Undergrad: 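Sharing a structure with you now.
By convention in this document, chain letters (A, B, ...) are assigned in the order of the sequence lines, proteins followed by strands, and residues within each chain are numbered from 1. As the structure is a computational prediction, the values presented were derived from the model and not from experiment.
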Amino acid sequence: MVEEENIRVVRCGGSELNFRRAVFSADSKYIFCVSGDFVKVYSTATEECVHILHGHRNLVTGIQLNPNNHLQLYSCSLDGTIKLWDYIDGILIKTFIVGCKLHALFTVAQAEDSVFVTVNKEKPDIFQLVSVKLPKSSSQEVEAKELSIVLDYINQSPKCIAFGNEGVYVAAVRDFYLSVYFFKKKTTSRFTLSSSRNKKHAKNNFTCVACHPKEDCIASGHMDGKIRLWRNFYDEKKYTYTCLHWHHDMVMDLAFSVTGSSLLSGGRESVLVEWRDATEKNKEFLPRLGATIEHISVSPAGDLFCTSHSDNKIMIIHRNLEASAVIQGLVKDRSIFTGLMIDPRTKALVLNGKPGHLQFYSLQSDKQLYNLDIMQQEYINDYGLIQIELTKAAFGCFGNWLATVEQRQEKETELELQMKLWMYSKKTQGFILNTKIHMPHEDCITALCFCNAEKSEQPTLVTASKDGYFKVWILTDDSDIYKKAVGWTCDFVGSYHKYQATNCCFSEDGSLLAVSFEEIVTLWDSETWELKCTFCQRAGKIRHLCFGRLTCSKYLLGATENGILSCWNLLSCALEWSAKLNVRVMEPDPNSENIAAISQPSVGSDLFVFKPSEPRPLYIQKGISREEVQWGVFVPRDVPESFTSEAYQWLNRSQFYFLTKSQSLLTFSTKSPEEKLTPTSKQLLAEESLPTTPFYFILGKHRQQQDEKLNETSENELVQLPLTENIPAISELLHTPAHVLPSAVFLCSMFVNSLLLSKETKSAEEIPKDVDMEEEKESENSDEENDFTEKIQDTNNTDLGEDVIHQLSKSEEKELRKFRKIDYSWIAAL
Amino acid sequence: MGEFKVHRVRFFNYVPSAIRCVAYNNQSNRLAVSRTDGTVEIYNLSANYFQEKFFPGHESRATEALCWAEGQRLFSAGLNGEIIEYDLQALNIKYAMDAFGGPIWSMAASPSDSQLLVGCEDGSVKLFQITPDKIQFERNFDRQKSRILSLSWHPSGTHIAAGSIDYISVFDVKSGSAVHKMIVDRQYMGVSKRKCIVWGVAFLSDGTVISVDSAGKVQFWDSATGTLVKSHLIANADVQSIAVANQEDSFVVGTAEGTVFHFQLVPVTSNSSEKQWVRTKPFQHHTHDVRTVAHSPTSLISGGTDTHLVIRPLMEKVEVKNYDAALRKITFPHRRLISCSRKRHLLLFQFAHHLELWRLGSTVATGKNGDTLPLSKNADHLLYLKTKGPENIICSCISPCGSWIAYSTASRFFLYRLNYEHDNINLKRVSKMPAFLRSALQILFSEDSTKLFVASNQGALHIVQLSGGSFKHLHAFQPQSGTVEAMCLLAVSPDGNWLAASGTSAGVHVYNVKQLKLHCTVPAYNFPVTAMAIAPNTNNLVIAHSDQQVFEYSIPDKHYTDWSRTVQKHGFHHLWLQRDTPITHISFHPKRPMHILLHDAYMFCIIDKSLPLPNDKTLLYNPFPPTNESDVQRRTAHAFKISKIYKPLLFMDLLDERTLVAVERPLDDIIAQLPPPIKKKKFGT
């Protein structure tokens, strides 16, 4: 049993895929991208994660294919190591220890035993490009300390450095200048753009650079959206450049196609622009990519492009500018208003996604399930534009209903508010908009909750607003003569002395509703909507409010803004206990009485897990994160763990996830990271190792699918098709050179027969093998003896006509083998 | 500096005509510019881009092509079917010769400079032999279907490329037959236009033909095989002109959108000899069609419908970062178009085909410095005098008393007598002008309006006595032995004793009018004279040159004055020398003998000779008006007092001691009168 290890805070996926340019494998089958401390290998065709290369102990900052062996991948990390991987098998081959923080990695085919990395030595903003000599050694860990500086005072971002024309020169940009270092001459040319404050040149800053693969041409992107193509840069005087201008905002990244015939650029417009022949008039667009393009990369085979977007998405795009695949991570582009929720159906994590969307993110597979478009409006990306924000969302009735609130406030008095209620449709397996309520309240909605009691016959929703009211919405019949329908209407409006309603919460059984009005908590009977009781602590506005669960359902918890956590007993209507705790996040575990609270003292965040019934916490972990924790959620486990230790028992049935201000999703785990992240899809390997010939499609995949289908449809029948690889006839057929095979007519019957089923379930697999071995032994013997053995076989299976033929095929197969043995080297001599 | 009441005149409705052709002469570093009204101007690029000479236009003589041949001979051809050669010494047309092919669209001189090729409306390409004093028709090339719009010689002189409508032909010069016919794609952004006009071709020594066409393409053709090599789509409108550098490492094209694109031959990689043409920089200095471009070794020159001549230096070719490295935009002629009658407050405006006489408004109001005074009487348009015949006016002048107006075209001289009766004007032409006064390059009245000085284009200077309604020819100063150089600037002393005359290159001659003989010659200077005037009383001749130097020469003493010597020793302020436009007018204050008033297009300056000269460290010009007494004191510390309130300033003169007249021509007003430019979508609008 995994036990008595410390509970550690671990990053649980959802890390940035768009941190660096993605890298294609040489055959464009895989795409690699950095993801936190790992490197992920995705299949370009299926979008599936094939491997996670883990081994780095800090953020991975750069990946490049080994130019001398395209089946290997270099990666560098802030932990000061460069690692060489075999990405096909997901094996770490070698580790080179450099020793200082590495910020970017570059490889050049011409520089055989060295790679280039970006380091910073003294000042925080001054980076150097250095070449690292990788010593040849057979050991697993090698020290690589031989550094030589190539360029000083460069930009940290790897987008600002590019190696050009087979490693003859390297171009680096920073601020207003471009420096080009020529390796042969060992000279640096520097070209400066005007940086004067006047309007015309104000945004001349360089943002990225790319080098033409064949010609001496450097493309640079600029803050004002211009792309400059520099040529003739050997001479600081005779240099010249061409301007291409389409982007209206900063050029985020540039890439040349493999042949250099076109240049790709992208930026905040979310449009991939292809400049053909680097001419201004000849350009193609791939618009509506959804989010700012952060990086562009091109496959070495030239058939695919890929763009990394600010919403943590990687798009794989065909050469003809058609998007072919999307690898979507957890969208972390914007601030999270809705908090973390769990979809009761899919157990997926639900939070703000793309602008105007809710994202459903599977924690198990670390991938986005789908996006629900709430706003259903075109997103206009412009600086300074006040957007509609999706501010609240809640699931109700076991995932049957979803309520969302969106708002847009341009001025103090101009509030646009909309509440939408979505019904889960079993038919489409998705949410369908049911009711749209304009201005449900006069002011911002502060809280939203469904009554989730099992016995409740009527779905009920409560909204609390700053306008001092809380409203109860119920589902009513909305049928007319045309159709049967249901809709939501307001049932009750409650208020308490015109105080702003800040929180609302239903008790577990749905009989009580707690609504907090600034400093006062009110309790309402959900049957009659009568005010039952009020609690007032006069200790600041209530920030969080929740009922206890299960055995603790008689308690109500409230956390105030000035750091008091109070627990009221609902039976005695008295304060049970209170503690001084500055609670940022308070989340009840749906499967137990436990409540997790994250407090924020001056620095860092602390976790407290407690039961409402007793003020002593079950578990305390200090310093779970350096940053402010914004949201947290308990996720029920599929398979409950069985920690016996009291401190860990709270993790038995649920797992606690939390989101920090910088939007890293973290959780608690007792396992070591290696154990935790076992690759889920090793089986893909076997499939991938097969050559994808037409035969493969006919025989391999297709057959397997049929297999499965057969197995499903007739589970009782013990029909077991032999695996194609195991049928000798077919393997012979596939492995014999085509030019020595006998005619297809001759092979046909043999081939077809080999595919036929023998009724004897075992014979197909086992007996032929035996025969094979026998035959191998007897191959020296006379034909008569061969016939004899066949007869024996015949007698063995007299009742099966097919098998006779099957046996005949064996002799033919032997003939085939003979063909194989004949020396055909004379053909080569022809 | 003193306070002046300034008449700010903005009713001079002058619009320069559009530039049609430019031709650069490498040998003399001169630029010939022809305009749509037939005017041809010669700019000396070595002399601060000064407009040295000009040939007046002619209504029927619209030039379509301009080229230099055989060193310094200038030819033009136009839609009237004539080839014209200009006499650059005497500043007139040497001869005009009909090519008998209908309107001529293009012309090119052979690389050996001995032959001239013209492309005509009827599709013929005609070869002319250039003889020392004429051109002679030699033969026709194969006749093409449609007009020949552009021509270019192969640098070896064996082949020519001719651009026509929808195709380019390559001719063998020896046989005169078309070797290749290269069809140009009519497609324009996917839409098939009716015709594709090849506006320009250039033949490179490696056999490449570059063509520019109305579909917005720049195309590279292989003349040996007649195939298209590369195509650059650069504009949504016509590409109208092309010019290649002599080294054939760069060329420039101009588009109808007003953009000029620079193409350069750039090595593909550092270690290979393979080179490719790359479009490098676009220049947007024009608002309208760029009808013509030229490529000098150090700069790109362009001109078009918006009437600016733009000279854009190539930074990589400029050795030193001096003022030659700055962009030049020449809009206004470097000669005087306005004359003024001080006595009657009259202004005479000279247009291409008419003269306008205006009386300045007046005011009774007073105000403090910087105030705009309300007019009590508006300016009056007194006279509209239209010329007879198709020729443009060369020069005009109104006498200081306001009772005489004289003007001249290329073939006739006109003198009018004006009589003022209250508000009515009586205009009477003085007939029977003598034959030698056929045409004049410059006309000037003496201060007392009794004498008329005429510089004729034969190089002679005539003095005419005016009295009553009649005239009498007094004397003619003949040019010095054998030279026929025309005089284009005149200055007369206020006492009427001295007459200074300057030609385009030789020095300034000073004549004694009383004794009717040459008094002296001011020592020759390298740069042409842009303006000169003789000061009252002292009879000092002040001369401004195109390199922005100002000299003062004492006529009675026949030497430079002490002040002039001091200035030369001390040197002018570097900002003064870096000014863009030449000084076009000099005048003097009658009461302040130490002041010299002069102006160029962008500033007005009073030089106070009594004050110390500025050195390079002092502030030459302070744009803010003085705020208090100490400020005034500090500012008066040096001799140059500059005002940049009025610009572009075409004319500024002193009417009396306290009144100035300034004639401005805002560029926006000119643009407003031009045809609308091609509409371009501007992002964000």
Undergrad: Are there over 12 heavy-atom neighbours, none belonging to K184(A), within less than 6.0 Å of that residue's NZ?
TA: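 Count not over threshold, so no.
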Undergrad: More than 12 non-hydrogen atoms from neighbouring residues, nucleotides or ligands closer than 6.0 Å to NZ on K681(B), yes or no?
TA: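 Atom NZ in K681(B) is crowded, with more than 12 foreign heavy atoms closer than 6.0 Å.
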Undergrad: Could you tell me which portion of N282(A) (side chain, backbone, both or neither) has an atom closer than 4.5 angstrom to a non-hydrogen atom of chain B?
TA: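 It is neither, since no heavy atom gets under 4.5 Å.
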Undergrad: Which value, rounded to the nearest 0.5 Å, describes the distance between T269(B) atom OG1 and K214(A) atom NZ?
TA: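 NZ of K214(A) is found 12.0 Å from OG1 of T269(B).
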Undergrad: More than 12 heavy atoms of other residues, nucleotides or ligands under 6.0 Å from NZ of K238(A): yes or no?
TA: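 12 or below, so no.
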Undergrad: Measure distances from V278(B) to the heavy atoms of chain A and classify the residue's part below 4.5 Å as side chain, backbone, both or neither.
TA: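 Just its side chain gets close to chain A.
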Undergrad: Give the intermediate values and the outcome of side chain to side chain contact (heavy atoms under 4.5 Å, CB included) for residues Q264(B) and N232(A).
TA: CA-CA 10 Å; Q264(B) 279 175 288; N232(A) 229 356; 5.6 Å; no
Undergrad: Could you report the tightest heavy-atom contact between T242(A) and R279(B), atom names first, then the distance?
TA: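 The pair with the smallest heavy-atom distance is OG1-O, 2.5 Å.
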Undergrad: For the OG1 atom of T240(A) and the CG atom of L314(B), what is their distance to the nearest 0.5 Å?
TA: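 These two atoms lie 9.5 Å from each other.
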Undergrad: To the nearest 0.5 angstrom, please state how far the OG atom of S231(B) sits from the CG atom of D277(A).
TA: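 Reported to 0.5 Å precision, the distance equals 9.5 Å.
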Undergrad: Is there side-chain contact between Q276(B) and R231(A), with at least one heavy-atom pair below 4.5 Å?
TA: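 Contact flag for Q276(B)/R231(A) side chains = yes.
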